[in-house]
> 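One structure, pasted below without further comment.
Throughout, protein chains are lettered first and strands after them, A, B, ... in sequence-line order, and every chain is numbered starting at 1. It should be emphasised that the depicted structure is a prediction, and the values quoted were computed from it without experimental measurement.
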Amino acid sequence: MREFLILFFLLAGVFFFTVSTIGLLRLPDVYCRLHANTKTDTLGIGLIFLSLIIYEGLSPVSVKLGIIGIFTWITNATSSHLVARASYYTDVKYFRGKRKDYDHS
Amino acid sequence: MLELLQGLANNYFYCYALVLFIIGFYTILSHSNLLKKLIGLNIMQTSVFLFFVALAYVKDGKAAIITGEEGALYTNPLPSALVLTGIVVTVSVTAFALVLLVKLYSYYGTLDADEITMLRGNPE
Amino acid sequence: MIILDLLLLNILVLCAIAAIRVRDLLSAVIIFSAYSLLMAIIWLQLGSPDVAITEAAVGAGVTTMLFIATISKTRRYE
Amino acid sequence: MIYNSLMIATAILLVNIIICLYRAAVGPTPGDRIVGINMIIGKTVTVMVLVSFIRQEALFLDVALTYSLIGFIATIGVVKYLELKHL
Amino acid sequence: MYKEEILILRVVVRFMMPFIQIYGCYIIVSGHLGPGGGFAGGTIVAASMILYALTFDVDRALDKVPHKHATMLESLGGIWFMSCGIVGLLLGGNFLANGQIGVPLGTPGRLLSGGLVPVIYFGVGIKVAMTIMSLYFSLVEEDR
Amino acid sequence: MWQERKREIICKIIVLFFFWLLISWDLDWSNLLLGFFFSTVISFVMSKELLRADESPPLLLRSHLLVNFVFALIWEVIKANLLVARIILDPKLPISPNIIEIPQKLKLPVTQALWGNSITLTPGTLTVDISDERILVHIIDEEIGKRIQQNPVQKILLKMEKVN
């Protein structure tokens with residue numbers, strides 16, 4: 001049961017990482033790519049760390065893993081906000097409306 | 001010949017250190033922008049560190065930190081101590097070179113090595 | 001283990017080539033910081049965490065900021 | 001079993017890093033490049049943790065903690081330079 | 001202005017700074033037990049001050065740690081290192097002698113068991129932190 | 001004035017000391033001494049730079065709300081992550097991004113920053129700019145944008161401020 005949980009969470013985490021990478025490739029502009037960055041990346045980190053914490057049990061290692069997870073979430077959100085803000089104020093055009101209106105070039 | 005190839009395949013870290021060294025050296029020789037040259041220099045230094053640490057690597061060895069267990073196999077700590085010194089020197093060299101670049105730019109108005117040579121005139 | 005090593009080293013070489021091929025100096029510096037990140041993983045693989053933590057501290061914080069400061073004082077494009 | 005799956009997960013993450021590197025090298029605006037590097041930082045932290053579990057050395061986690069703490073300095077620097085043209 | 005507007009960055013940096021600094025101190029003094037040492041820890045502490053200078057302003061950071069104080073602390077780190085070395089000479093050993101002069105070199109995993117090593121690393125950490133910080137500040141400050 | 005500052009500094013020392021214990025995980029007397037020394041020095045030297053008490057609700061006293069907040073945030077993240085994953089993996093890529101403006105209800109800087117970061121972490125939405133009156137949010141889908149106002153995270157943060 002425990003092994004199954006570990007493998008399931010690990011797989012889910014890797015899946016979310018892969019989804020975020022696909023999103024980074026497919027989405028049209030900076031803002032949408034930032035969505036792919038923060039969202040799926042953070043959940044990927046969370047799930048993989050959760051699986052490793054289950055694997056390790058309660059020990060200093062899992063406490064440190066929790067600290068790493070918390071700080072990664074904070075810094076990831078902050079840097080995404082900053083990139084979005086800088087792009088907005090340096091007039092990077094954002095894609096609006098439906099996909100079919102967008103000329104992919 | 002086959003032995004040579006096998007030896008290369010066994011020591012792939014050395015091969016890649018060589019490749020990185022060549023990339024850095026090529027950058028220093030071919031790019032005329034000084035900041036690019038500095039990045040090439042950094043890549044070259046890192047390749048040398050990679051060679052050193054790969055020399056120290058023992059297969060299945062643990063990191064050279066004594067945790068009190070008996071009869072464990074450790075990697076060689078001496079090259080990594082050398083590399084630590086090397087990294088300190090790298091940072092200092094990089095900072096010094098960057099300050100020199102700022103001074104050069106304020107004097108000549110460009111960072112291109114060829115242009116600076118032209119501006120200084122032909123020594124002959 | 002050997003597959004991980006080879007993959008990492010190939011990414012490293014790709015990263016180095018990308019860093020020197022880009023025309024924009026700011027992008028070159030950004031990619032160079034990624035190079036330093038990958039280098040830190042390789043130090044871990046080679047079993048020398050001392051070097052890895054030094055590379056992490058230097059590459060993530062100091063060297064990149066010094067490069068960006070220089071770019072902000074000189075020009076951005078080659 | 002778990003050892004092998006950790007290995008496979010690390011390999012998949014490394015392949016992901018290559019794709020992020022493509023975005024960082026090609027991306028049209030500097031913002032795209034920073035997004036690529038941000039994702040590489042997140043994946044690198046995870047790879048470091050996985051490597052420390054594969055090699056069974058708890059002390060390697062310190063390196064990952066370092067990156068998660070000061071990994072965003074470069075991002076702030078680049079963003080401030082893009083917005084203000086000086087630091 | 002840039003510095004007052006970004007609320008999230010301001011709050012997050014002010015929240016994160018003590019954690020970065022205390023982590024840097026941990027890396028400095030536990031250099032003989034795990035990865036790290038004076039240089040890495042000092043660089044992390046300096047990185048926190050670089051973060052401060054980025055978020056607010058270089059001038060404000062220079063108000064906090066002026067060049068005079070930075071130079072003084074840097075010299076203090078050097079003097080600290082020298083005097084720790086001379087302790088070995090005074091007690092009849094070599095320069096920087098550690099186990100030779102009878103300092104207990106205790107068990108692995110204990111923080112203060114490395115004899116003089118953590119004490120020396122403390123000085124090295126101060127010196128490195130101040131050096132790198134003032135390097136960055138003096139590269140940036142003459143911008144305006 | 002001095003009383004308040006003293007309480008602030010003691011609070012910081014406790015938090016930093018706790019962090020030191022977590023990362024070093026050792027109850028030896030030398031470790032405790034060094035940790036106490038470093039946390040005291042840092043909170044005295046940097047006391048002007050760190051967060052002040054009047055900028056945040058007393059988070060340590062309202063820890064039940066903080067735990068509540070964390071769990072609500074995680075639940076939101078998981079829910080919306082699946083949504084974004086479905087959008088990304090869809091071959092037609094059905095996105096309709098836009099930048100919208102929503103009013104800001106929170107007052108204190110710390111809760112404002114927490115709310116902004118929660119918006120960024122919640123999938124489909126991304127804080128572009130934040131001030132005392134409004135928040136600019138980039139949304140990836142119109143449906144997600146409509147739901148942003150009745151986010152449970154914001155309610156918890158409002159409650160946290162009201163207690164103060």
Side-chain angles (χ1 to χ4, degrees), chain B residues 9 12-13 15-17 19-20 23-24 26-27 30-36 38-40 42-43 46-47 49-50 52-65 74-77 79-81 83-84 86-88 90-91 94-95 97-99 101-102 104-106 109-112, chain C residues 1-2 5-6 8-29 31-33 35-36 38-40 42-59 61-78:
Chain B
Y12 48 92
F13 271 109
C15 306
Y16 278 91
V19 170
L20 284 174
I23 289 173
Y26 172 77
T27 319
S30 70
H31 283 255
S32 63
N33 190 295
L34 287 170
L35 202 81
K36 251 340 175 11
L38 200 54
I39 292 178
N42 263 310
I43 292 176
T46 327
S47 79
F49 300 156
L50 178 61
F52 265 50
V53 179
L55 275 178
Y57 181 59
V58 178
K59 198 168 183 308
D60 296 330
K62 294 182 88 71
I65 293 165
Y74 292 116
T75 54
N76 191 355
S80 66
V83 167
L84 274 181
I87 287 178
V88 176
T90 305
V91 177
T94 310
L98 286 173
V99 173
L101 287 195
V102 174
L104 268 180
Y105 186 80
S106 67
T110 177
L111 272 189
D112 200 297
Chain C
M1 215 58 166
I2 198 165
D5 284 351
L6 284 178
L8 269 170
L9 287 165
N10 279 318
I11 302 171
L12 199 69
V13 171
L14 278 180
C15 214
I17 292 175
I20 67 168
R21 291 297 292 175
V22 176
R23 305 289 300 172
D24 188 355
L25 288 177
L26 186 66
S27 312
V29 172
I31 296 172
F32 187 68
S33 79
Y35 177 87
S36 151
L38 294 168
M39 211 70 207
I42 287 184
W43 300 138
L44 285 190
Q45 276 283 341
L46 287 174
S48 52
D50 259 332
V51 186
I53 205 164
T54 312
E55 178 89 30
V58 165
V62 178
T63 313
T64 317
M65 282 323 297
L66 289 177
F67 269 112
I68 293 171
T70 310
I71 288 177
S72 81
K73 299 200 127 193
T74 60
R75 64 172 70 164
R76 183 173 147 191
Y77 295 98
E78 250 183 272

> Please tabulate, for side-chain N and O atoms in residues 46-55 of chain C, each donor-acceptor pair with protein atoms closer than 3.5 Å (sequence neighbours left out).
from    : atom 1 : to      : atom 2 : distance (Å)
C:Asp50 : OD1    : E:Gly36 : N      : 3.0
C:Thr54 : OG1    : C:Asp50 : O      : 2.9
C:Glu55 : OE1    : C:Trp43 : NE1    : 3.4

> Rounded at 0.5 Å granularity, tell me how far OH in C:Tyr35 sits from CD1 in B:Ile43.
5.5 Å
> Quick check on the interface: out of B:Leu104, B:Thr90, B:Leu50, who has the most heavy-atom pairs with chain C under 4.5 Å?
B:Leu50
> Measure B:Ser80 against the heavy atoms of chain C and call it side chain, backbone, both or neither at under 4.5 Å.
both
> Backbone N or O of C:Val22 within a donor-acceptor pair of the B:Lys36 side chain at under 3.5 Å?
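Yes: the side chain of B:Lys36 pairs with the backbone of C:Val22.
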> Are side-chain heavy atoms of C:Asp5 and B:Tyr12 found at a separation under 4.5 Å?
yes
> Tell me the closest heavy-atom pair linking C:Ile20 and B:His31, and the distance in Å.
O-CE1, 3.2 Å
> Counting heavy-atom pairs under 4.5 Å to chain C, which of B:Val19, B:Asn76, B:Leu35 comes out on top?
B:Leu35
> As an exercise, state the distance from CG of B:Asn42 to CE of C:Met39, rounded to the nearest 0.5 Å.
11.5 Å
> Are there more than 12 heavy atoms of other residues, nucleotides or ligands under 6.0 Å from atom OH of B:Tyr57?
yes
> Of all heavy-atom pairs between B:Leu101 and C:Thr74, which one has the smallest distance, and what is that distance?
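Of all heavy-atom pairs spanning B:Leu101 and C:Thr74, the closest is O-CG2, 4.5 Å.
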> Looking at B:Asp112, B:Val58, B:Ile87, which one has more heavy-atom pairs under 4.5 Å with chain C than the rest?
B:Ile87
> Answer with side chain, backbone, both or neither: which region of B:Leu111 has an atom nearer than 4.5 Å to a non-hydrogen atom of chain C?
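Just the side chain, heavy atoms under 4.5 Å.
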> With a 4.5 angstrom heavy-atom cut-off, could you sort out which part of C:Ile71 is near chain B: side chain, backbone, both or neither?
side chain
> Give the member of B:Leu98, B:Ile39, B:Val99, B:Leu84 that has the highest number of heavy-atom pairs under 4.5 Å with chain C.
B:Leu98
> Given a strict heavy-atom distance threshold of 4.5 Å, which part of C:Leu25 is in contact with chain B: side chain, backbone, both, or neither?
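For C:Leu25, the contact with chain B is made by the side chain alone.
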> Mind running side-chain contact (heavy atoms from CB on, under 4.5 Å) on C:Thr70 and B:Tyr105 for me, showing each step along the way?
CA-CA 10 Å; C:Thr70 310; B:Tyr105 186 80; over 6 Å; no
> Measuring from atom OH of B:Tyr16 to atom CG of C:Asn10, what distance do you get when rounded to the nearest 0.5 angstrom?
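These two atoms lie 3.5 Å from each other.
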> Measure B:Thr46 against the heavy atoms of chain C and call it side chain, backbone, both or neither at under 4.5 Å.
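When you check distances to chain C, atoms from both the backbone and side chain of B:Thr46 fall under 4.5 Å.
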